[in-house]
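Below you'll find the structure, written out as structure tokens, and then a few comments.
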Amino acid sequence: MAILEIKDLHKAYGKNTVLKSINAEVEEGDVIAILGPSGTGKSTLLRELNMLEHPTSGAVIFDDQDVTKANESGLDKIRQDLGMVFQSFNLFPNTTVLDNVKIALTKVKGVADGEATATAKKFLDKVGVADKVDVYPASLSGGQQQRVAIARALAMNPKIMLFDEPTSALDPEMVGEVLKTMRELAQEGMTMLVVTHEMGFAREVASKIWFMSDGEMTAYTDPAGFFENPNSERAQNFLAKML
Amino acid sequence: MAILEIKNLHKEYGKNTVLKSINATVEEGDVIAILGPSGTGKSTLLRELNMLEYPTSGAVIFENQDITKASEAGLDKIRQDLGMVFQSFNLFPNMTVLDNVKIALTKVKGIADDEATATAKQFLEKVGVVDKVDVYPASLSGGQQQRVAIARALAMNPKIMLFDEPTSALDPEMVGEVLKTMRELAQEGMTMLVVTHEMGFAREVASKIWFMSDGDMMAYDNPVSFFENPNSERAQNFLAKML
Amino acid sequence: MKKWMKKVAILLMAIGMFISSGAGVFSVKNVSAAETDPTLSRVKKSGKLVIGTAAEYAPYEFHATVNGKDKILGFDMDVARTLAKHLGVKLEVQDMSFDSLLGAVKTGKIDMAIAGMTYTPERAKEVNFSTPYYNDKNVVLTLKENKNKWATLDQIRGAKLGVQVSSSQSKLASSLTDKKTVQVKKITDLVMQLSQKKVDAVVLAQTSAKSYLTQSDQFAITKAKLPITTGNAVSTVMNKNSPVFKEKVDQILKDHVIGAPLQKWQDKAFKQAVQKDSFIKKYMPYFIKGTEYSVGLAVIGVFFGIILGVLFALMKMSTIKPLKWLAVAYIEAIRGVPLLIQVFLVYFGTQVIGLDVSSFLAGAIAMFLNSAAYVAEIIRSGIQAVPAGQTEAARSLGFTKNQTMRYMILPQAIKNILPALGNEFVTVIKEGSVVSVIGVGELTFQTSVVQGASFKPFLPLIVTAVIYFILTFGITRLLNLFEKKLHKSDKSFG
């Protein structure tokens, strides 16, 4: 069943076209790796799914509703279902790890404090940073910060998780721990869209590949096929550089 | 023949010890990959070889001279022999690509303009960006910028090239082109010290590995054995995360 | 931090002691002098009598265009001419703000102030008053429609009264009303407040009240009779150390000024003050001149400010500690003291150390000394904003420290510095208004002049505001264009 539908999504900044009429569907349980050279609209596409950026035209259908036409309060509601993890973590530096995860529970969902604390701790435990609840983000390593960010998004019980280059800002030896967390999440059946340069992760974990170049997107339902026999020249060039 | 000798090099920032009495020798033609977890002094070590940072104690012997004791003018001379390539390229943004490579030739070495232009173009051609001579660095991709930076250092005809995480700031698909340039340089016999997280490059190109962790350094004369059978637990942990 | 604060405090104390000891020397001198005194000697020696006035007080003294030229008219000027004539010297008139007159007399910037100034005990502690040459009664001016509302002293007890600050009327006004008085610096502003009904009535000298009546039928003098003892005994003002000079002046006033001559001059002055002409035609020259001065001051201020600022910036970044401290102390001291005070310090300070500096020069010096501190910070932060990697790259190629500064750092720093310098120029144009206090004929000063001469308190302000805006907005636009050009090499294709 399609949980998310992208219809003719088009994005231009002035004269510069970033996305050229993208059409795609996300099924429940899909783990989609969005691959492609830098600057070809991968992050833009992801950010238009929860309206962090607004498309120039086109529609994003989620729960029978066109997200692009939702009003502000409608969007506030929708975004609770679309967890987002950023390249640069974007933890709130002025609150502790626990509060980072709790605050949306208490302030957005109106969950009682005791319950929110329990939920937050559960997810921090899940990503393996339960021992850091009382410290501030600045004292964590990049890998730990990103795992807290994942816990923060998961605690809201989203239907889809969006990952925008989650390991690109990490020191290389931290990449593994974050990918491991994401891999576990995929195994639990979470629907995930992951913009990434980690080819190994894409190959092993993804159920589909969206390959983007120059604002166009080609969907591959067979990752192994994509890596072994990409039928486009652009994909071949890209893989030659990355592998 | 040892071209560079590091003797009891020690570095502290306040109470924080970054390098603990490092001893090492660089032979002519060595390609040394300096590996290790982030924040363990790899870059500090490299930057103390050309006195961009000063050691707390110890000596760096280059051409029978302790460069930690060299005068300012002496250092200006020595640094011409130690080419440096930075993580963030550090091209001069207000000069064209050609001028970036030429300026040290004309102003530092006092080479005539024509000859400097010819030399600069020769090295830009070598790194594959000769078609970009007249543009400003900002209009180049990261990979191109880093190759210009390598050409800039090479044009000074250095005896040793120091690379400080030369590919860490690059988009993943740009990494290959820069590593290729470095690989060619190694094949020509350039003496190189490379701080890097690119394990593939270290394994295939390096003649020696310096593994650093917590300010200590272990030198391995055989890269293959380092990767296949690192005899220290710290190296094992590190490789487990990186590979 | 604390160390340099101590240093500054010591410096300031030293300046203070220097000033007071200077004054002490003068007072000792005057006891021993019987035939002459410092002021008289100076007048005789230079062959000119330097009069200070504040020409925005018609009909006492005011600016007017005579045959296309700006002149200071008013019966005080006739008094001044008469004094010079009988002293046998030439007359030189310096126009400045009323507030700075006493200071100028005390420091010897001017030999005498003639500005409709009346005796108060406070003033008498500071300076010598001549014998009064005119007694100007105080009256209550109000709007015509309220003429009968404030007709008796009893009625006035309930009025909100306006007076000129630190004038002889300010105490009187406080005693007349139960309400708090409104104290304003300039009479033109007082009258503006009256016309806008911000005050009920204004207590002022009859002479200037009459001027306003001739200008506008909006106002009337009430019938309320103020105590006769509260009149304004108008005198000239001289330095305390000049008893002989004062004696001579008193004699000339008695013989050639008081009585009929003064009456004649006053009648003439009233007529001159009410010349009819279009506002623009009559006063545009003042605004043009003021604009020239304002821009000139800013150019000088920023130009020398840059020269000195570069020096301080280099000192502050220097590794030589004393130079660094000196620059830090200078920059912090300048930034921590209002420009107004700095202007006064330069203007009177130069006199104290024996330099005769014109008000324009003093204003310009104060401006560039002030600007230098800000320019120094602009340059320093511009240089330090260039990424450290640039220095590292250059040094790694073998560039020396100086070469690195010259070829890599400065060309890039210029891009950060120039726009900020442009903003500083705009700031200096605006802040230049402060030097009007020492009588530099820049835009703000000319505005007061026009307010005083035209009896229009508001219109000149609008004209001035528009001129300032055109100047600053225009310059800002130009700078933006320039900045865009500078940043050509930053454009990437992505």
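Naming: A, B, ... by sequence-line order, numbering from 1 per chain.
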- Message: Please give me the minimum heavy-atom distance between B:Gln80 and C:Leu397, naming the atom from each residue.
- Response: CG-O, 3.7 Å
- Query: Is it the case that more than 12 heavy atoms not belonging to B:Glu27 sit under 6.0 Å from its CD atom?
  - Reply: yes
- Query: CZ of C:Phe360: more than 12 outside heavy atoms within 6.0 angstrom?
  - Reply: yes
- Task: Let me know if C:Ala388 has heavy atoms under 4.5 Å from chain B in its side chain, its backbone, both or neither.
- Result: neither
- Message: Looking at chain C, which one of B:Ile78, B:Asp81, B:Val85, B:Val108 has the largest number of heavy-atom pairs inside 4.5 Å, strictly under?
- Response: B:Val108
- Item | C:Gln390 side-chain N/O to B:Leu91 backbone N/O, donor-acceptor pair under 3.5 Å | yes
- Message: Can you confirm whether more than 12 heavy atoms, excluding those of C:Leu355, are under 6.0 Å from its CG atom?
- Response: yes
- Query: Near B:Lys121 NZ, under 6.0 Å, is it more than 12 heavy atoms from other residues, nucleotides or ligands?
  - Reply: no
- Message: If the threshold is 4.0 Å, N to carboxylate O, is there a salt bridge linking B:Arg79 and C:Glu392?
- Response: no
- Query: Can you find a heavy atom in the side chain of C:Pro387 that is under 4.5 Å from one in the side chain of B:Asn90?
  - Reply: no
- Portion of B:Phe86 that has a non-hydrogen atom of chain C nearer than 4.5 angstrom: side chain
- Message: With a 4.5 angstrom heavy-atom cut-off, is it the side chain or the backbone of C:Gln403 that approaches chain B, or both, or neither?
- Response: side chain
- Query: Does the pair B:Met95 and C:Gln412 meet the rule for a side chain to side chain contact (heavy atoms under 4.5 Å, CB included), with working shown?
  - Reply: CA-CA 10 Å; B:Met95 299 175 200; C:Gln412 294 182 55; over 6 Å; no
- Note on the structure: If one checks every heavy atom of B:Ile103 against chain C at 4.5 Å, the contacting part turns out to be both
- Item | B:Arg47, part contacting chain C, at a heavy-atom distance under 4.5 Å | side chain
- Task: State, to 0.1 Å, how close B:Asn50 and C:Ser396 come at their nearest heavy-atom pair, and which atoms those are.
- Result: ND2-OG, 3.4 Å
- If you draw a 6.0 Å radius around CD in B:Glu28, do more than 12 non-hydrogen atoms from other residues or ligands fall strictly inside? no
- Item | For B:Phe92 against C:Ala393, the heavy-atom pair lying closest together | CE2-CB, 4.2 Å
- When rounded to the nearest 0.5 angstrom, what is the spacing between OG1 in C:Thr400 and NZ in B:Lys107? 12.0 Å
